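These notes are about the structure you will find just below.
Note that the structure is a prediction, hence the values are computed from the model and not measured. Whatever order the structure lists ligands and atoms in, that order sets their numbers, starting from 1.
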Amino acid sequence: MTSLHAQADASAISPAISSPIFRPFDGMIGAETDMLDLSRPLDDAAAGVVRAAFRDRHLLVIRNQSLDKERMYRFAELFGPIESHMIRLADGSKWDAVHTITNLDAAGNPVAKPFISSNYFWHTDKSFLREPSLLTMLQAVELPPNGGDTQFADMTAAYDALPEATRRRIQGLKSVQSLEFMRCYTGSAPPTEEDIAAAPPIAHPLVRTHPETGRKSLYIGMYSSHIEGLPEEEGRALLEELLEHATQDRFVYTHRWKHGDLVFWDNRCLLHRATANYEMGKHRRVLMRVVVKGTVPE
Ligand code: SIN
């Protein structure tokens with residue numbers, strides 16, 4: 001593997017995306033590299049290059065990694081504090097800060113039906129919290145031979161492509177984000193009273209301004225229940241219309257996982273969802289996951 005540190009020093013003063021380290025994908029989001037070895041700590045210059053690439057491209061793919069929990073946690077910490085207390089899952093279990101997303105049952109066998117079916121709907125992580133997730137990171141551990149992709153939709157490009165009249169209509173509106181709504185919308189088990197008390201519905205701007213780039217993007221997805229101040233049906237219709245617009249193919253990048261991929265993305269301006277395009281009851285799919293806490297959307 002090429003020495004990261006020499007490369008990073010050379011590119012520390014220029015935007016990461018014009019550095020030799022990250023190759024941008026077509027379109028406005030995403031870049032990849034196979035030049036990083038995250039099994040040891042990055043020096044400051046290298047960390048700066050990765051942060052700059054993340055700010056510019058919002059989704060990074062770092063190939064050929066094999067990080068244990070500790071290293072994955074430490075790398076994610078470059079972007080902010082780690083979310084350590086996850087909301088309790090429908091089956092009563094809680095996640096560790098670094099946990100797995102898997103289709104395996106307790107005996108280690110693949111099951112045909114997903115444990116967390118809501119992952120298959122477009123969402124931005126924890127938008128029902130006052131301080132929703134900033135960044136989510138996944139590392140491929142076991143993959144099916146085909147499929148099991150993850151999709152990402154670019155909410156900045158989607159916002160920019162809206163007709164001017166729609167941009168004016170939605171500016172200043174707030175959508176109410178609700179765990180209870182999401183569970184019903186996605187056909188998942190309802191949350192307990194305790195879950196709702198821990199995360200009551202909260203209104204966030206429908207158009208969010210990215211704190212680092214200053215760019216506007218749509219802040220929508222499966223937790224968006226209704227629009228504050230609009231009749232419920234009108235608000236729902238608007239949310240559905242925006243979601244349909246924002247998840248057109250032209251705004252979507254599909255990540256086809258390879259062994260060793262470490263992928264992380266910016267929840268402030270992307271939606272994501274898992275896709276069930278593999279034989280779930282036959283093949284194993286295991287990803288490690290860690291999430292960085294965000295700030296109040298503005
Ligand atoms: C997620 O929604 O965080 C999981 C995505 C995936 O399993 O591909």
Side-chain angles (χ1 to χ4, degrees), residues 29-30 32 58-63 65 69 72-73 76 79 82-84 86-91 93-105 110-129 132-155 177 179 182-183 185-188 219-224 243 246-247 252-281 283-294:
I29 60 167
E32 67 174 327
H58 304 299
L59 181 151
L60 296 181
V61 179
I62 303 184
R63 308 279 188 194
Q65 305 304 308
K69 281 188 170 192
M72 194 167 162
Y73 187 104
F79 300 90
I82 303 302
E83 272 183 7
S84 51
M86 316 287 287
I87 202 110
R88 196 154 45 78
L89 298 178
D91 68 0
S93 63
K94 273 192 170 178
W95 284 340
D96 290 335
V98 183
H99 47 271
T100 50
I101 301 229
T102 166
N103 67 332
L104 307 182
D105 64 17
V111 292
K113 198 174 169 310
F115 292 119
I116 312 175
S117 50
S118 55
N119 279 356
Y120 295 84
F121 292 77
W122 288 110
H123 63 286
T124 166
D125 284 331
K126 309 256 174 47
S127 58
F128 59 93
L129 294 182
S133 315
L134 186 161
L135 170 157
T136 304
M137 186 177 289
L138 295 178
Q139 179 180 211
V141 178
E142 290 186 74
L143 295 173
N146 296 296
D149 307 332
T150 309
Q151 293 192 303
F152 301 89
D154 180 354
M155 293 299 102
Q177 311 286 316
L179 179 66
M182 178 282 272
R183 291 278 176 85
Y185 183 77
T186 62
S188 312
Y219 198 58
I220 52 179
M222 69 182 178
Y223 295 103
S224 300
L243 190 64
T247 55
V252 172
Y253 162 70
T254 298
H255 187 69
R256 302 198 162 82
W257 288 93
K258 292 185 186 160
H259 289 282
D261 278 357
L262 183 89
V263 176
F264 50 102
W265 65 90
D266 192 336
N267 282 296
R268 298 168 295 188
C269 56
L270 303 184
L271 292 182
H272 66 280
R273 68 174 180 185
T275 57
N277 60 346
Y278 73 106
E279 283 185 84
M280 211 174 281
H283 298 297
R284 303 161 69 90
R285 182 178 188 268
V286 180
L287 303 167
M288 278 163 72
R289 181 176 186 270
V290 64
V291 181
V292 174
K293 192 175 161 66

Indicate yes or no: does an N/O atom of W257 lie under 3.5 Å from an N/O atom of ligand 1? no

What's the spacing between T136 OG1 and D125 CG if we round to 0.5 Å? 3.5 Å

Using atom types as modelled and distance alone, determine if a side-chain donor or acceptor of D261 lies under 3.5 Å from a backbone N or O of V263. no

With heavy atoms and a 4.0 Å threshold, my read on which part of H255 contacts ligand 1 is neither

Starting from atom 4 (C) of ligand 1, which protein heavy atom do you reach first, and at what distance in Å? N119 ND2, 3.7 Å

Give the residue and atom name of whichever protein heavy atom lies nearest to atom 7 (O) of ligand 1, and the separation in Å to one decimal. R285 NH1, 3.0 Å

Could you tell me, atom by atom, which parts of ligand 1 come under 4.0 Å of a heavy atom of A274? 5 (C), 6 (C), 7 (O), 8 (O)

Which ligand 1 atoms does H272 reach within 4.0 Å, using its non-hydrogen atoms? 1 (C), 2 (O), 3 (O)

Results of ring-ring contact (aromatic ring centres under 6.0 Å, His included) for F152 - residues two or more places apart only: W265

Please tell me if the side chains of D149 and H255 come closer than 4.5 Å, counting only heavy atoms from C-beta onward. no

Given side chains that start at C-beta, do those of D266 and F79 come closer than 4.5 Å, heavy atoms only? no

Run E142 and R285 through side-chain contact (heavy atoms from CB on, under 4.5 Å) and show every step you take. CA-CA 5 Å; E142 290 186 74; R285 182 178 188 268; over 6 Å; no

Report the part of H123 in contact with ligand 1, treating N, CA, C, O as backbone and CB onward as side chain, heavy atoms under 4.0 Å; options are side chain, backbone, both, neither. side chain

Measure the spacing between NE2 of H123 and CD of Q177 and express it to the nearest 0.5 Å. 12.5 Å

Any R273 heavy atom less than 4.0 Å to ligand 1: no

In the protein, what heavy atom is nearest to atom 8 (O) of ligand 1, and what distance, to one decimal place, separates them? T150 OG1, 2.6 Å

